[in-house]
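Beneath this line is the structure, given in structure tokens, with notes to follow.
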Amino acid sequence: MRFGLLFSIRIPFEEILQLRYGPTPAATPVPRNSAPGVFLEFRRPLTAEKMLGFTKQLTAIALSTDNPEDFEAALLRAVPDINHLP
């Protein structure tokens, strides 16, 4: 997943523990200062690359998607055993 030059993270399907629509503690919003609607929690910390080579360990991410329902459907097709919480 990439947000321009500011943020990049590789999220293997098998590392996704949970998909939810309610806030997830410690979720990093992408993009920053947005109103996230989809939250992904990971099985273990994943490394995100930030601008200028900085990195950050993330256990969850908060996404602002154009169409959360389509995102959810695509994710559930790819990872049918994912934990899904409203």
Side-chain angles (χ1 to χ4, degrees):
M1 177 172 300
R2 181 179 296 278
F3 183 67
L5 296 173
L6 300 177
F7 181 89
S8 176
I9 186 170
R10 294 188 66 86
I11 305 171
F13 288 137
E14 63 271 9
E15 294 298 336
I16 300 173
L17 174 65
Q18 207 167 71
L19 164 71
R20 62 171 49 183
Y21 289 102
T24 300
T28 298
V30 177
R32 275 182 26 186
N33 302 322
S34 67
V38 177
F39 299 81
L40 296 178
E41 188 175 346
F42 308 133
R43 295 185 188 283
R44 63 179 177 87
L46 300 178
T47 303
E49 295 176 17
K50 297 166 65 175
M51 213 162 126
L52 302 175
F54 291 98
T55 60
K56 182 176 182 178
Q57 295 293 307
L58 303 181
T59 56
I61 193 168
L63 302 172
S64 180
T65 61
D66 291 335
N67 191 327
E69 295 82 14
D70 286 348
F71 178 82
E72 174 188 4
L75 188 58
L76 290 175
R77 278 193 304 275
V79 191
D81 61 341
I82 193 171
N83 241 346
H84 176 236
L85 300 175

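- Side-chain contact check for Leu63 versus Met1: some heavy-atom pair is nearer than 4.5 Å.
- Residues Phe71 and Leu40 have side chains in contact (heavy-atom distance under 4.5 Å, counting atoms from C-beta outward).
- Hydrophobic clustering of Ile, Leu, Val, Met, Phe, Trp and Tyr side chains at less than 4.5 Å, counting indirect connections, keeps Tyr21 apart from Leu17.
- Annotation: Arg2, atom CZ; neighbour count of heavy atoms from other residues, nucleotides and ligands within 6.0 Å does not exceed 12.
- In this structure, CG on Leu75 lies 4.5 Å from CD1 on Ile82, to the nearest 0.5 angstrom.
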Show, in sequence, the C-alpha distance, side-chain angles and deciding distance for Glu72 and Val38, and conclude whether the side-chain contact (heavy atoms from CB on, under 4.5 Å) test is met.
CA-CA 8 Å; Glu72 174 188 4; Val38 177; over 6 Å; no
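- Considering every non-hydrogen atom in both Ala27 and Phe39, the closest pair reads CB-CD2, 4.1 Å.
- Considering all non-hydrogen atoms of both residues, Pro80 and Arg77 come closest at CD-O, 4.0 Å.
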Evaluate the criterion side-chain contact (heavy atoms from CB on, under 4.5 Å) for residue pair Asp81 and Val79; output intermediate values, then yes/no.
CA-CA 6 Å; Asp81 61 341; Val79 191; 3.5 Å; yes
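- Scanning all heavy atoms of the two residues, the minimum distance from Ala35 to Ser64 falls at O-OG, 3.8 Å.
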Scan the side chains in residues 45-61 for donor-acceptor partners under 3.5 Å anywhere in the protein, sequence neighbours excluded, and list what turns up.
unit_1 : atom_1 : unit_2 : atom_2 : d
Thr47  : OG1    : Gln57  : NE2    : 2.5

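- The stretch residues 57-71 participates, sequence neighbours left out, in no salt bridge (Lys or Arg N to Asp or Glu O under 4.0 Å) pair at all.
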